[in-house]
Undergrad: 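Sharing a structure with you now.
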Amino acid sequence: MTVLQPIVQPIVQPLVQPLVQPLVQPLVIAAAGADATSLVQSVDWLAIAPVVITAAVGLLVLVLDLFVPERRKPLLGWISVAGLAAATATLLPLRAGDRTTFCLTGPGTADPAACSYAADHFALVVQFLVLGGALVTALLSVTAVREARMPAGEYWFLLLSSAAGAALLPASRDLATLIVALEVASLPAFALVGMRRGDRLSSEAALKFFLSSVTATAVSLMGVSFVYAATGSLHLTQVADRLGHVPGQLDTLAMAGVALTLVGFAFKTAAVPFHFWVPDTYVGAPLPVAGYLSVIGKAVGFTGLILVTVIAFPAYSDVWGPALAVLAALTMTLGNAAALRQSADRPGGAVRLLAWSSVGQAGYLLVPIAAAAYAGRDQIGSTVAYALMYAAVNLGAFAVAALVARTKPLHRLSDYRGLYAESPLAALAMAFFLLCLAGLPPGIIGLFAKVTVFRSAVDAGLGWLAVVMAVNVVVALYYYLRWTALLFRTPDGDAAQEGVREGAQEGAQPRTGTPWPVTAAIVLTAATALVLSGAPQLVLRFATGSLFPL
């Protein structure tokens, strides 16, 4: 090498130096400067602990599945339950103050305070909803996975992966992380819906869910690319600042980007006209997964909508405000109208009614977000408060449905006739959940949440939307009260035996006994709803940050 160096160096150096110098020189200057900004990220592990723990337990379960014998597979479920409980517990030390990590660093950074992850009060409240809802889903799944003979390792890994993505989304503060979190929450859900092997309805539901979701995501990615082209940034705070000063020739591009970005999140919320996947997906999915999608899936969508509209796109509130108001009116109207048409004797009718009910409830949840375009971001607390109430009572309704399905596996509304005579506590719990969803006493928390949403529309000057909501609340009373009345009617023994025979013919085998994890899920959700009905102001204070100031 020493002999060849005088010959090679004069030839190679002129070719390499122009390529290498522009890349190396900034690093040399930064390293040599005494006050140079460090390019090394300092990760706040406590801030990201809820997401990391959930994901790590998911990987642990997947690996353990290779070594745990078949008869010990239920252990994987309990490890998952413990992991979700631990992830939820790590939210407590984060109450002390806002924490951020993965922030922009380095010389020439336009906004060094821009961060990709923020553990502020909004993020913590939604993470509590997501992880708490996933915990209840895990309790319901412990029995379902074993009895339906679903692959345990894959099921728990997918559930925890989806929960990790859902927990990441509310803390995301740039569009790239937001889209990644949305997909991490969604992709495992496709597989969860189709987890029942050999079930035609399950496979069909998974395929429909997958195709529609992928299309919506592609549209959102195009919108994000348009926003980036118009602003030159993906961080929400920087996007908000630069959208207010977009050059005239880029205004149309920015407006199209804003509209397209909202499509993916509107799909997740099941807002009309992006709702068509909901009824078939809920009916085809395992019942715990349907409950998970109805609560955590919606939390993901509404959180994304809030972040991109209120934080990133306030400059275009005149575009998304009226659009969301119209979507809210259409969603609640179509959801409640379809729920009215559900037949009591149709197989799957109970789950289908809950699916259409969730579409109607999505319309109510959209109202405060639309109101924020007119009256400021303070209206968002109403959506968060309503989501907390809805999560508790809707998961409770699915828990009771899972209990009833053990003896009447066709999920018909008529299967609930006379439930009070067979299982008084389960009937009372179901009646309480339905009355909460309807907004009637003793479900005070449901009434409180609806009044809060109604007030946000009035305060924003959306009187017409408040009227539409009031009409829809009255319409919804019919199918909620009809289901409640069925619980206390005289049982029809002949119809029940016929339903069991039909279920056996279709491969749905009835089971006896009440598993204690299902009972625990019902008790947990009912106790939460009862406490909140006794002190409904706690929800709004918690949602708006006045109870736990951060």
Side-chain angles (χ1 to χ4, degrees), residues 88 125-126 128-133 135-137 139-140 291 294-296 298-299 302 332 354 357-358 360-362 364-365 367-368 381-401 403 416 419-420 423-456 469-470 472-474 476-488 518-548:
T88 306
V125 171
V126 178
F128 173 77
L129 188 159
V130 166
L131 296 174
L135 179 60
V136 174
T137 302
L139 287 174
L140 292 175
S294 73
V295 172
I296 284 75
K298 278 189 174 47
F302 283 106
M332 66 178 75
L354 286 174
S357 165
S358 73
Q361 298 287 343
Y364 306 147
L365 286 161
V367 171
S382 300
T383 286
V384 179
Y386 197 100
L388 288 169
M389 177 281 300
Y390 172 76
V393 299
N394 209 61
L395 279 173
F398 272 98
V400 176
L403 180 63
Y416 292 80
L419 181 62
Y420 181 77
S423 180
L425 294 180
L428 291 174
M430 189 64 167
F432 180 61
F433 294 138
L434 292 173
L435 291 176
C436 284
L437 290 171
L440 291 176
I444 302 299
I445 184 59
L447 176 62
F448 176 81
K450 283 183 169 57
V451 169
T452 302
V453 170
F454 186 86
R455 186 179 64 184
S456 70
M469 178 181 173
N472 275 279
V473 169
V474 174
L477 291 179
Y478 173 76
Y479 61 82
Y480 285 130
L481 291 178
R482 182 182 65 171
W483 193 347
T484 304
L486 277 175
L487 302 172
F488 301 98
V518 177
T519 303
I522 296 174
V523 170
L524 182 61
T525 52
T528 302
L530 280 170
V531 170
L532 296 180
S533 291
Q537 70 277 8
L538 293 178
V539 176
L540 189 59
R541 289 180 183 175
F542 181 66
T544 56
S546 58
L547 181 62
F548 300 123

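Just so you know, these numbers use all the heavy atoms, side chains as well, and skip hydrogens, waters and symmetry mates.
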Undergrad: Determine, stepwise, if the pair L440 / L481 fulfils side chain to side chain contact (heavy atoms under 4.5 Å, CB included).
TA: CA-CA 10 Å; L440 291 176; L481 291 178; 3.8 Å; yes
Undergrad: Looking at T528, I445, L129, which one forms a side-chain contact (heavy atoms from CB on, under 4.5 Å) with L388?
TA: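 That would be L129; it is the only one of T528, I445, L129 passing the side-chain contact (heavy atoms from CB on, under 4.5 Å) with L388.
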Undergrad: If you compare all heavy atoms of A431 against all heavy atoms of T484, which two are closest, and at what distance to 0.1 Å?
TA: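 So the two residues come closest at CB-CG2, 3.9 Å.
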Undergrad: Can you tell me if OH on Y420 sees more than 12 non-hydrogen neighbours from other groups inside 6.0 Å?
TA: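 For Y420, atom OH is not crowded (no more than 12 foreign heavy atoms under 6.0 Å).
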Undergrad: Quick check: closest heavy atoms across F432 and S533, and the distance to 0.1 Å?
TA: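 Scanning both residues completely, I find the closest heavy atoms to be CZ-OG, 3.7 Å.
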Undergrad: How close do N472 and M332 get, heavy atom to heavy atom, and via which atoms?
TA: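 Minimum heavy-atom separation between N472 and M332: OD1-O, 2.9 Å.
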Undergrad: Hey, are the side chains of L437 and Q361 touching, using non-hydrogen atoms and a 4.5 Å cut-off?
TA: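 Answer yes - side chains close enough.
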Undergrad: Which value, rounded to the nearest 0.5 Å, describes the distance between M430 atom CE and S423 atom OG?
TA: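 Between M430 CE and S423 OG, I get 12.0 Å after rounding to 0.5 Å.
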Undergrad: When rounded to the nearest 0.5 angstrom, what distance separates CG in L419 from CG in L428?
TA: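 One gets 9.0 Å once the value is rounded to the nearest 0.5 Å.
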Undergrad: Who passes ring pair (Phe, Tyr, Trp, His ring centres under 6.0 Å) against F128, sequence neighbours left out?
TA: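 F128: ring pair (Phe, Tyr, Trp, His ring centres under 6.0 Å) contacts with F542.
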Undergrad: For the OG atom of S357 and the CH2 atom of W483, what is their distance to the nearest 0.5 Å?
TA: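 S357 atom OG to W483 atom CH2 measures 8.5 Å (nearest 0.5 Å).
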Undergrad: Atom OG1 in T519, atom CG in L524: separation rounded to 0.5 Å?
TA: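 Interatomic distance, T519 OG1 to L524 CG, rounded to 0.5 Å: 12.5 Å.
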Undergrad: What class does the angle between the rings of Y386 and Y364 fall in, given that below 30° is parallel, 30 to 60° is tilted and above 60° is perpendicular?
TA: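 Y386 and Y364: perpendicular rings.
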Undergrad: Let me see the working for L532 and F448 under side chain to side chain contact (heavy atoms under 4.5 Å, CB included), right down to the final yes or no.
TA: CA-CA 10 Å; L532 296 180; F448 176 81; over 6 Å; no
Undergrad: How far does OG1 of T88 sit from CG of L135, to the nearest 0.5 angstrom?
TA: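 CG of L135 is found 6.0 Å from OG1 of T88.
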Undergrad: If you look at every heavy atom in A470 and F454, which pair is closest and at what distance?
TA: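 For A470 and F454, the tightest heavy-atom pair comes out as CB-CE1, 4.2 Å.
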Undergrad: For a quick test of reading the model, state the closest non-hydrogen atom pair linking I522 to A429 and the distance between them.
TA: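 Where I522 meets A429 most closely, the heavy atoms are CG2-CB, 4.0 Å.
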Undergrad: Let me see the working for V518 and L140 under side chain to side chain contact (heavy atoms under 4.5 Å, CB included), right down to the final yes or no.
TA: CA-CA 5 Å; V518 177; L140 292 175; 4.2 Å; yes
Undergrad: Would you name the heavy atoms of A387 and L365 that are closest together and state the gap between them?
TA: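 Answer, listing the atom of A387 first, then L365: N-CD2, 3.7 Å.
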Undergrad: Do any N or O atoms from the side chain of T525 and from the backbone of V393 form a donor-acceptor pair under 3.5 angstrom?
TA: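 Here the side-chain-to-backbone pair does not exist.
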Undergrad: Below 4.5 Å, heavy atoms only, C-beta onward: do K298 and Y390 meet side chain to side chain?
TA: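 Yes, at least one pair of side-chain atoms sits under 4.5 Å.
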Undergrad: Measuring from L447:CG to T452:OG1, what's the distance to the nearest 0.5 Å?
TA: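 OG1 of T452 is found 9.0 Å from CG of L447.
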